[in-house]
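See structure below.
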Number of protein chains: 2
Amino acid sequence: MTSWISQFRRGLLELCVLNLLQVQEGHGYQIVQRLKEIDGLDIRESTVYPILARMKTEGFVAVRDEPSPGGPPRRVFRLSASGRERMRSLNAYWDLLTEAVDQLRSGRKEASEGNLS
Amino acid sequence: MTSWISQFRRGLLELCVLNLLQVQEGHGYQIVQRLKEIDGLDIRESTVYPILARMKTEGFVAVRDEPSPGGPPRRVFRLSASGRERMRSLNAYWDLLTEAVDQLRSGRKEASEGNLS
DNA sequence: CCTCGGTACTATGCTTCACGTAGTACGTAG
DNA sequence: CTACGTACTACGTGAAGCATAGTACCGAGG
């Protein structure tokens with residue numbers, strides 16, 4: 001991983017997980033699969049599980065075990081009240097940041113015309 | 001600093017500095033002052049100087065000294081060609097991320113209005 | 001002169017978190 | 001009984017934001 005890309009993801013991944021769980025509870029593996037589909041995120045198990053563990057110890061999610069049709073038992077995560085609160089905080093700050101960046105970039109000359117690599 | 005807020009800023013601050021310097025060269029202290037004005041960033045000297053140092057060792061900026069009217073000599077930073085390249089990369093990835101988050105948040109449930117699943 | 005405050009930068013250590021790698025365990029198909 | 005998909009855990013590394021502290025130059029006021 002090109003390292004600086006990882007840096008951008010800091011904190012953002014928790015926001016993504018929270019927003020996913022806000023829609024519907026899910027188990028770790030499932031969340032990993034969903035996040036993998038999202039372009040630009042390219043996330044791995046070893047990143048997601050620690051996030052979920054952290055969120056559990058901080059009380060943002062409730063956990064219960066559930067049997068799996070083909071594998072070891074799943075740990076299903078469900079957003080708690082404080083988790084939804086957290087999500088709102090992160091979303092709000094994220095919006096603030098994106099707005100700040102937009103502002104900073106728009107006042108200035110040209111922005112990067114579509115060139116990703 | 002509430003800790004999780006700092007995490008969001010990862011990498012983003014370099015992007016901000018690059019975009020500032022793209023408009024006009026400037027010295028460290030000046031860049032700090034400018035970034036401080038930006039809402040939601042709330043940045044400090046001890047964060048900015050290391051970024052500038054890093055950018056220098058990686059060749060993204062050229063540095064020259066300049067006398068100050070009221071203080072020790074200033075170190076003036078100017079974006080290099082590879083610095084502009086870097087800026088484009090970061091901007092592109094940032095755009096990708098914001099789009100991904102927008103997508104993730106909008107495709108799911110509601111943004112604000114009550115519309116349960 | 002000497003201190004105080006603003007300017008301008010440097011140095012050190014802490015902490016958080018993404019990620020790589022590896023390992024455990026369950027189930028089914030061949 | 002091997003191999004593969006599922007599902008999770010554990011450990012170590014490294015990057016970077018930040019707090020704190022220190023250095024140094026300058027002008028104004030007592």
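Proteins come first, then strands; the chains are lettered A, B, ... in the order of their sequence lines, and each starts at number 1.
Side-chain atoms of B:Arg84 do not come within 3.5 Å of backbone N or O of B:Gln22 as any donor-acceptor pair. Judged by distance alone, with hydrogens and angles left aside, the side-chain atoms of B:Ser80 form a donor-acceptor pair with the main-chain N or O of B:Gly83 at under 3.5 Å.
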Contact list (N/O, under 3.5 angstrom) for nucleotides 7-13 of chain C vs protein:
{"unit_1": "C:dT7", "atom_1": "OP2", "unit_2": "B:Tyr29", "atom_2": "OH", "d": "3.0"}
{"unit_1": "C:dA8", "atom_1": "OP1", "unit_2": "B:Ser68", "atom_2": "OG", "d": "2.9"}
{"unit_1": "C:dA8", "atom_1": "OP1", "unit_2": "B:Arg74", "atom_2": "NE", "d": "2.5"}
{"unit_1": "C:dA8", "atom_1": "OP1", "unit_2": "B:Arg74", "atom_2": "NH2", "d": "2.6"}
{"unit_1": "C:dC9", "atom_1": "OP1", "unit_2": "B:Arg75", "atom_2": "N", "d": "2.3"}
{"unit_1": "C:dC9", "atom_1": "OP1", "unit_2": "B:Arg75", "atom_2": "O", "d": "3.4"}
{"unit_1": "C:dC9", "atom_1": "OP2", "unit_2": "B:Gly28", "atom_2": "N", "d": "3.3"}
{"unit_1": "C:dC9", "atom_1": "OP2", "unit_2": "B:Tyr29", "atom_2": "N", "d": "2.6"}
{"unit_1": "C:dC9", "atom_1": "OP2", "unit_2": "B:Tyr49", "atom_2": "OH", "d": "3.1"}
{"unit_1": "C:dC9", "atom_1": "N4", "unit_2": "B:Glu45", "atom_2": "OE1", "d": "2.9"}
{"unit_1": "C:dT10", "atom_1": "OP1", "unit_2": "B:Arg75", "atom_2": "NH1", "d": "3.1"}

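Between B:Leu97 atom CG and C:dA18 atom P there is a gap of 12 Å when expressed in whole angstrom units. Between B:Gln7 atom CD and D:dA15 atom P there is a gap of 16 Å when expressed in whole angstrom units. If you measure from atom CG of B:Leu41 to atom C1' of D:dC18, you get 14 Å, rounded to the nearest angstrom. Between the CG atom of B:Asp42 and the C1' atom of D:dC18 there is a distance of 11 Å, given to the nearest Å. Summarising the geometry, the separation between CD1 on A:Ile51 and C1' on C:dC17 is reported as 8 Å, rounded to the nearest angstrom. Distance, A:Lys36 NZ to C:dC19 P: 12 Å, rounded to whole Å. Distance A:Glu58 CD to C:dC17 P: 7 Å, rounded to the nearest Å. The distance from atom OH of B:Tyr93 to atom C1' of C:dA18 is 11 Å, rounded to the nearest whole Å.
Side-chain proximity of A:Ser6 to C:dA18, D:dG17, D:dA15: nearest is C:dA18.
Remark: B:Arg44 is in phosphate contact with D:dA19, judged by side-chain N or O atoms under 4.0 Å from OP1 or OP2. One finds no side-chain N or O of B:Arg10 lying less than 4.0 angstrom from the OP1 or OP2 phosphate oxygen of D:dG14. Taking side-chain N and O atoms only, A:Arg9 has a distance below 4.0 Å to OP1 or OP2 of C:dC19.
With a 4.5 Å cut-off on side-chain heavy atoms, A:Leu90 and B:Phe8 count as touching. In this structure, B:Phe77 and B:Gln30 have side chains that are not in contact, with every pair of non-hydrogen atoms separated by 4.5 Å or more.
Counting heavy atoms of neighbouring residues, nucleotides and ligands inside a 6.0 Å radius, atom CD of A:Glu99 does not exceed 12 of them.
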Kindly list each side-chain donor-acceptor pair under 3.5 angstrom involving residues 46-57 of chain A, sequence neighbours excluded, with atom names and distances?
{"unit_1": "A:Tyr49", "atom_1": "OH", "unit_2": "A:Tyr29", "atom_2": "N", "d": "3.4"}
{"unit_1": "A:Thr57", "atom_1": "OG1", "unit_2": "A:Arg54", "atom_2": "O", "d": "2.9"}

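Between A:Glu85 and A:Arg88, at least one side-chain N (NZ, or NE/NH1/NH2) sits under 4.0 Å from a carboxylate O, which counts as a salt bridge.
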